There are 2 protein chains.
Amino acid sequence: MGRPALIDRDVVLATGLAVADDHGLDALTMAAVAARLSVTPMALYRHVANKADLLDGIVELLLTEFPPPPVGPWADRLTALADAIRTSAQRHPAVFPLLLQRPATTPRARRARTSVYWALKDAGVAADRIEQTERLISTAILGFAVSEAAGRFRHHSRRQLDADFAQLQALLGSFIESESQIAGAGPGGEGAPG
Amino acid sequence: MGRPALIDRDVVLATGLAVADDHGLDALTMAAVAARLSVTPMALYRHVANKADLLDGIVELLLTEFPPPPVGPWADRLTALADAIRTSAQRHPAVFPLLLQRPATTPRARRARTSVYWALKDAGVAADRIEQTERLISTAILGFAVSEAAGRFRHHSRRQLDADFAQLQALLGSFIESESQIAGAGPGGEGAPG
DNA sequence: ACCTGAACACCGTTCAAGT
DNA sequence: ACCTGAACACCGTTCAAGT
């Protein structure tokens with residue numbers, strides 16, 4: 001067998017993300033990633049198939065930043081997840097928009113989606129309405145996070161955007177309650193008894 | 001003075017859009033656009049400053065496809081606009097996502113935004129709530145249209161996505177009504193009298 | 001097994017030159 | 001004024017070669 005590896009796939013992806021964070025998506029080239037790793041561009045091809053695979057891997061890496069939601073009432077769990085998504089977008093504005101371009105079928109994407117499913121179940125949403133409800137709220141949250149990260153709101157103040165995001169979360173919260181089968185379900189844990 | 005022009009900015013932008021529609025964003029190169037116009041790549045630089053300017057111009061061209069909404073009740077006008085946005089996204093999936101990356105400060109973008117303002121005013125939304133309300137509904141509609149165009153929903157059926165979009169529009173409609181200061185304002189023209 | 005060096009087709013962009 | 005031809009730095013990717 002050969003010599004010890006200098007790099008592996010994970011550091012290639014993490015380095016690619018760092019390059020994009022620091023200098024933008026246009027600056028994310030194979031040569032730039034390689035230079036950060038003190039390695040030849042061609043060395044990367046043992047760890048990623050090509051540049052598209054590198055981008056896919058970086059998007060996948062982004063999903064890692066969405067922490068498992070805390071235990072607690074369903075509304076708190078969804079709020080925490082939405083805040084984590086927005087924070088991740090702010091931290092990685094160059095690559096975050098790519099998230100909209102990949103179907104969420106990888107294990108990590110499924111994990112994030114499943115935690116939303118559980119929250120909606122606890123909120124009292126009917127089983128056959130959970131998937132559609134998840135798509136609606138995820139799309140709205142991602143749409144905001146991407147818009148903010150990509151610069152569509154660049155002429156608005158941070159204070160204004162915080163208020164916008166809070167309003168969006170409130171709207172989605174009341175939508176979920178309207179879908180709830182639990183009479184008078186508030187943002188509590190398992191809904192009102194009886 | 002010189003010789004008659006073979007091309008102008010509008011045909012360069014339209015040709016760029018056509019290349020992206022036919023072969024994707026990666027295939028949208030200066031050389032490809034020039035070839036379609038039977039011209040040298042360098043000839044394009046008299047009409048667009050550089051490739052970024054070409055992309056900006058194409059995004060601007062997209063806004064042209066949003067027709068002025070019909071006269072009628074505010075809800076019908078907003079529905080028509082939302083449908084036009086989604087249709088444009090479906091027709092131009094490669095470039096539509098770029099719309100999220102530009103602040104809507106150009107005249108054409110402002111025109112589209114203004115027609116939403118008027119609809120919200122007619123719906124009875126308070127003057128100091130109109131701009132935030134417009135951002136919320138535009139972000140949700142654009143988020144859906146971009147997600148669909150960019151492929152995030154590629155594993156879902158057309159029928160399912162139609163239902164999702166209808167549900168999103170219904171949610172936004174009831175949100176607007178909840179913001180209305182006109183008691184019992186339905187989706188009618190100018191709200192209930194008195 | 002992992003990395004390097006040389007090479008290729010292609011890309012955006014410039015500059016000076018033609019009409 | 002508008003377009004062309006030649007040229008440059010850079011990009012993704014291949015292949016054969018080194019250890």
Side-chain angles (χ1 to χ4, degrees), chain A residues 1-61 92 94-95 97-98 101-102 150-151, chain B residues 1-61 92 94-95 97-98 101-102 150-151:
Chain A
M1 35 224 77
R3 52 176 165 180
L6 294 178
I7 56 179
D8 60 24
R9 181 172 232 262
D10 283 341
V11 326
V12 170
L13 300 181
T15 304
L17 179 58
V19 169
D21 288 347
D22 290 353
H23 303 108
L25 197 58
D26 287 344
L28 175 53
T29 67
M30 302 298 274
V33 175
R36 272 219 192 195
L37 292 167
S38 303
V39 125
T40 309
M42 296 71 79
L44 304 179
Y45 284 86
R46 190 149 306 266
H47 307 283
V48 296
N50 47 41
K51 191 175 177 185
D53 184 41
L54 172 67
L55 291 173
D56 283 352
I58 290 174
V59 170
E60 186 71 8
L61 188 59
H92 309 293
V95 296
L98 300 179
Q101 323 219 9
R102 320 256 90 233
Chain B
M1 39 224 75
R3 56 174 161 180
L6 294 177
I7 56 178
D8 61 25
R9 180 171 233 261
D10 283 341
V11 326
V12 170
L13 301 181
T15 304
L17 179 58
V19 169
D21 287 347
D22 290 352
H23 302 109
L25 197 57
D26 288 344
L28 175 52
T29 68
M30 301 300 274
V33 174
R36 273 219 191 196
L37 292 167
S38 302
V39 126
T40 310
M42 295 72 80
L44 304 178
Y45 284 87
R46 190 151 306 266
H47 307 282
V48 297
N50 48 40
K51 190 175 178 185
D53 184 41
L54 172 67
L55 290 173
D56 283 352
I58 291 174
V59 170
E60 187 72 8
L61 188 58
H92 310 292
V95 296
L98 300 179
Q101 321 218 9
R102 321 254 90 235

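Keep in mind the model is a prediction, meaning the values are calculated, not measured. The basis for the numbers below is simple: all heavy atoms, side chains too, and nothing from hydrogens, waters or symmetry mates. Residue numbering restarts at 1 for every chain, and letters A, B, ... go by the order of the sequence lines.
Nearest approach of B:L28 to B:A20, heavy atoms of both residues: CD2-CB, 4.2 Å. Shown here for A:L13 and A:V48, the closest heavy-atom pair between the two residues is CD2-CG1, 4.3 Å. Residues B:P41 and B:A31 share a closest heavy-atom pair of CG-CA, 4.0 Å. The minimum heavy-atom distance linking A:A94 with A:P97 is given by the pair O-CD, 3.8 Å. Smallest separation of non-hydrogen atoms from B:V19 and B:A32: CG1-CB, 4.2 Å. Scanning all heavy atoms of the two residues, the minimum distance from A:V11 to A:T15 falls at O-OG1, 2.6 Å.
The CG atom of B:L6 sits 11 Å away from the C1' atom of D:dT4 (whole-angstrom rounding). Between the CG atom of A:D53 and the C1' atom of D:dT13 there is a distance of 14 Å, given to the nearest Å. The separation between A:N50 atom CG and D:dC11 atom P is 17 Å, rounded to whole Å. Straight-line distance from the CG atom of A:L55 to the C1' atom of D:dG12: 12 Å, rounded to whole Å. In this structure, B:K51 atom NZ and C:dC10 atom C1' are separated by 12 Å, rounded to whole Å. Remark: C1' of D:dC2 and CG of B:L44 are 12 Å apart, rounded to the nearest angstrom. Atom-to-atom, CE of B:M30 to P of D:dC10 comes out at 19 Å; the value is rounded to the nearest Å.
Using the Watson-Crick or G-U wobble rule with both distances under 3.5 Å, D:dA1 pairs with C:dT19. Applying the Watson-Crick and G-U wobble criteria (two distances, each under 3.5 Å), C:dA7 pairs with D:dT13.
Residues in residues 47-61 of chain A take part in these side chain to side chain donor-acceptor pair (under 3.5 Å) pairs, two or more places apart or across chains: A:R9-A:D53, A:D56-A:R102, A:E60-A:T106.
Residue B:S38 is the one, among B:S38 and A:D26, whose nearest nucleotide of DNA chain D lies closer to the 5' end (criterion: closest heavy atom).
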Distances for protein N or O near nucleotides 14-17 of chain C N or O, under 3.5 Å:
none

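Side-chain proximity of B:A5 to C:dC2, C:dG12, D:dC2: nearest is D:dC2. Each of D:dT4, C:dC3, C:dG12 was ranked by its minimum atom distance to the side chain of A:H47; first place goes to C:dC3.
Across all strands, A:A43 comes closer than 4.0 Å to base atoms (heavy-atom distances).
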